[in-house]
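Numbers restart at 1 for each chain; the letters A, B, ... are given by sequence-line order, proteins then strands. Excluded from the calculations below are hydrogen atoms, water molecules and symmetry mates; all remaining heavy atoms, backbone and side chain alike, are included.
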Amino acid sequence: MTPEERYLFDLQGFLFIPEAISKDLVQQMNDDIDQMESLNDEEANKLGLYRKYHNNNKDHPGHNPSGYDCNILSRGGPFEALIDCPRTLPYIDSMINEPFRLDGYMFMIRNQGCRTVFHHGYAELLPYSEFAVEEGEFKCVSVKIAYALRDVSVEEGCFAVIPGSHKSNFDNPFEGMNPDKNHPLVEPCPCKAGDAVIFTEDLTHGSMINQSKKTRRTLFISYAPAFQSPWGKLVDTADGFEERATSRQLELIRGPSPFAIV
Amino acid sequence: MTPEERYLFDLQGFLFIPEAISKDLVQQMNDDIDQMESLNDEEANKLGLYRKYHNNNKDHPGHNPSGYDCNILSRGGPFEALIDCPRTLPYIDSMINEPFRLDGYMFMIRNQGCRTVFHHGYAELLPYSEFAVEEGEFKCVSVKIAYALRDVSVEEGCFAVIPGSHKSNFDNPFEGMNPDKNHPLVEPCPCKAGDAVIFTEDLTHGSMINQSKKTRRTLFISYAPAFQSPWGKLVDTADGFEERATSRQLELIRGPSPFAIV
Amino acid sequence: MEKKTKKKVPRLLKLQTGTGERHLSDEERHFFDIKGYLVMENFFVPNQVNEAREAIQDMAKKPSANITIERKDYELELLNIVEAGGILEDAIIFKRLLQPMEEIIWGSQVRLVASRGLIKEPGSIETLTQGGKADPRRYTKYRCFVEGEFRCLMTTCLIALNNCSNGNGTFCIIPASHKSNFPHPYSNTSLESVSVLKDIALKAGDAIIFSENLSHAIKSPINEKYLWLSYQYGPSYMLSWPGCEASKELRTRTMDSEIKTRLLKTPYYHPWDYYYKDIVN
Amino acid sequence: MEKKTKKKVPRLLKLQTGTGERHLSDEERHFFDIKGYLVMENFFVPNQVNEAREAIQDMAKKPSANITIERKDYELELLNIVEAGGILEDAIIFKRLLQPMEEIIWGSQVRLVASRGLIKEPGSIETLTQGGKADPRRYTKYRCFVEGEFRCLMTTCLIALNNCSNGNGTFCIIPASHKSNFPHPYSNTSLESVSVLKDIALKAGDAIIFSENLSHAIKSPINEKYLWLSYQYGPSYMLSWPGCEASKELRTRTMDSEIKTRLLKTPYYHPWDYYYKDIVN
């Protein structure tokens, strides 16, 4: 990390990484998702894909379901490349600063009317989300990366944060509320396809309401120290992964020895 | 400070310095105090000495007053040597770690039945007492030194502390109570004449009940960053001090420029 | 400890440690803790803005005995401007200013540490303070505890006496920088190029309270002279800025105001020791 | 966020974040925060001590399938001793142990991360752990907030099965070292020469709960073999120590105990996600 990147991540709790993945890889992933979208739930389940729906678009009854989350790493293919994305992984190394695993890999669909309400903030004291700096080094747990697979503007329901809330000492009065782009605390993060936002889970985050007919597609990939558990199915891999994987990918998925540091 | 001294002061909140001042200087100070003790309050006041009595020896009505505090630096003479005591001042330098002043110089008499109840502790969040370490360096405010002018055992009412309480997150349940040497949190600090205890004001401290007929004599000298005020009369000096003083002594008493660091 | 003496202490000097008195709303507290500042619109009504502007301009021409003028390039600083009286004296006890200061610093044990009138001309120097942990000025330290109390050191109230926005003489800050763990890397960067620096648009009469530990700067005005008023508060034991000690005259004329008297007192730690000192003197 | 799902979650998996449930007295909380440990006298009654000693000795001779024995010089470590059943299984839910763990770690979202029987012989190695900020084992982190809640990571309960005092096989610690800002300088020092190292005299059946972030060691016994039991707890999402995963057999036989079931669950973050996983599987 450059001194400015270090300063910005500490100051705001997130870092914007433009063009984190190539247009080509984005295209491959979108093609695969198009194919997956044609499956019904039963067909998807048979392939090991589980959709968790978010039916919160009461104002837009024509668009149901408004969105879902899904364990897309079990599709394999182009998604495996992001396990150890060369553009972003060095940041995770500096932010966690000890052996870590990939503990969750989730695909998110957000249709019209859908949004993610604000959640988290330092004062929750969630032990698995802690943002910390000691002796001039980051010591974070749970650092996440949001990769945009499509261009997403404020109106199209982009990611949104409260910069600095990863150090907030008081309960977040906006917990559970829709991000309001006009509030002086709120910063929406519009992205181009292939851009990434790296953030600490202690940061208050959510997404704007998607007011368009365009579907937002995002990958959320999460990393944590070795002693922390993976998030169940969200690290399921496809057949043959172990043979295909690089040694770093294997270590990130299996997790390094959890208590090796003595 | 050696690594062990640094470790111990951080761990416990105080540091014991044996033979901090020479027997000779101790003798001179005790001789002067003997002389001062022969004065009544009116005579003392005329010389600029003010006694603040502690009449808390209800159980020992024969010994009234049981103790007092007094602005003894205004006596001048041997007391001026401790403004910049070569054995202790380098510690203060490392503990405060920025330009500082001597902000209080107090003499304490404790007779039979007298004690100082436990007071302070980190959770009080007193801004002028803060114990702090940043980037591997102490950043304390209000570091004090207790110099024993006589041997003082546990029974003779020595200084007593709760080691580690300078980092306590909870209210001190023993606030205002007499230190009990049998409690596992309590550590009495018996001293020989000339020994010193350096401590952070955030440390819960007090003194054991003096159960003897011997009078405890102690000097408390306090240091603080330049922007903090001196404690009123407790930095009064004797006539001619400015001419006699070393430049360091002068700076410590006048205080460095309070906001010079920009 | 000295419980007996404590009881005798007049209400004026009530020890504030841990009283937990709160004046800010939950949202204000959350905002100030995250961002390091609070904006107060219409702190002065137009009449007060005019009175303040005139008083500062008069003092700049012919300063009274207790006000010092420091001239830098294209900038005039009038130290101890509270001595000018009128609105410049009355503002120090405005509730909208004092209540946040008391919550942010240390209850009723706060002092006025410095007061200044500022006249900025086109070309005035734009300096971005360091802020955060790397700020060498420990007297600016920001302290706040999880779901607990603030214990900040120097906290500033800056009042705009012109409309300042769009980079024209604007006050600007790096939000959240009062909690920075690293030094900002913008020492050799022009303010315009600092991506996280935010202009705070203020109208004449608006005020901003901020932790002195927040990275901040005042931009140079483009055409005219811009006037500012600055009041800095600290805990009771913080010394006055050199040149900002309250004069005997000021102390005498504010004797009837309990709050002004308290804010202008010489520094003290324990109120009862201060009281005690009064008795023995 | 998922408020609807949250409501459906069975009580067993109630999310504990911020419930502020308190089991310790003010004095215990103050003591543990300062010293980093709490002693519980007579945690086991004499019968339980005998049962535990016998079970450990049996397992050392003929370990059951789910218990691993690690031999070091003059020391035997029986990993996953909870599998032995009886008192070694029941102890994990003793209120005197579990209530402090729940307050110190994270409410009812705690897990048993490791369990061990230890047999120490004269000559066993005495290692002082680092402790404090300099401890490289981040999974031992101690966290506590001013007048607030604990959020500690690995926390240990050690039960003495012999009388251990006066340096003879004694458990010893550096009090307050869980908050050390500096590494301890005693790496090349014999335990006897570490001035701040304190022997904790324990009788057979006494237990001590301590933050794994506290510098600690077990001294070598002088004449006989000394037996210990150690249980380590962590937050719900902390993985089991390798070799300490609960066996199917153990999970099945503890099904009727809501609390044992919870402590022996595979790691999880949000209880409702765990619940959801059960549904979709």
- Rounded distance (nearest 0.5 Å) linking atom CZ of C/Arg137 with atom CZ of B/Phe227: 12.0 Å
- Task: Say whether, by atom type as modelled, one donor and one acceptor occur between the side chain of C/Tyr269 and the main chain of B/Ser229 under 3.5 angstrom.
- Result: yes
- Query: Is any side-chain heavy atom of B/Glu135 closer than 4.5 Å to a side-chain heavy atom of C/Lys133?
  - Reply: yes
- Under a 4.5 Å heavy-atom cut-off, does chain C meet the side chain of B/Asn97, its backbone, both or neither? both
- Considering residues, nucleotides and ligands other than C/Phe145, do more than 12 of their heavy atoms fall under 6.0 Å from its CZ? yes
- Non-hydrogen atoms of chain C under 4.5 Å away: do they reach the side chain of B/Asn45, the backbone, both or neither? neither
- Message: Is there a side-chain contact between C/Leu239 and B/Pro230 in this structure, where contact means two heavy atoms from C-beta onward sitting under 4.5 Å apart?
- Response: yes
- Measure distances from C/Leu153 to the heavy atoms of chain B and classify the residue's part below 4.5 Å as side chain, backbone, both or neither. side chain
- Parallel under 30°, tilted from 30 to 60°, perpendicular over 60°: which one fits the rings of C/Trp106 and B/Tyr128? perpendicular
- Message: So B/Phe259 and C/Met238, do their side chains get closer than 4.5 Å, heavy atoms only?
- Response: yes
- Message: So for atom CG, which belongs to B/Asn40, do other residues, nucleotides or ligands contribute more than 12 heavy atoms lying within a distance under 6.0 Å?
- Response: yes
- B/Ala123, part contacting chain C, at a heavy-atom distance under 4.5 Å: neither
- Give the intermediate values and the outcome of salt bridge (charged side-chain N to carboxylate O under 4.0 Å, His left out) for residues B/Glu130 and C/Arg143. CA-CA 11 Å; B/Glu130 194 189 2; C/Arg143 265 176 112 199; 3.2 Å; yes
- Message: Using salt bridge (charged side-chain N to carboxylate O under 4.0 Å, His left out), reason through C/Lys141 and B/Glu134 one step at a time and then give a plain yes or no.
- Response: CA-CA 12 Å; C/Lys141 190 164 183 174; B/Glu134 274 170 29; 3.5 Å; yes
- Query: Should B/Pro127 and C/Tyr237 count as side-chain neighbours, where that means a heavy-atom distance under 4.5 Å?
  - Reply: yes
- Residue part contacting chain B, namely of C/Ser236, when any heavy atom lies under 4.5 Å: neither
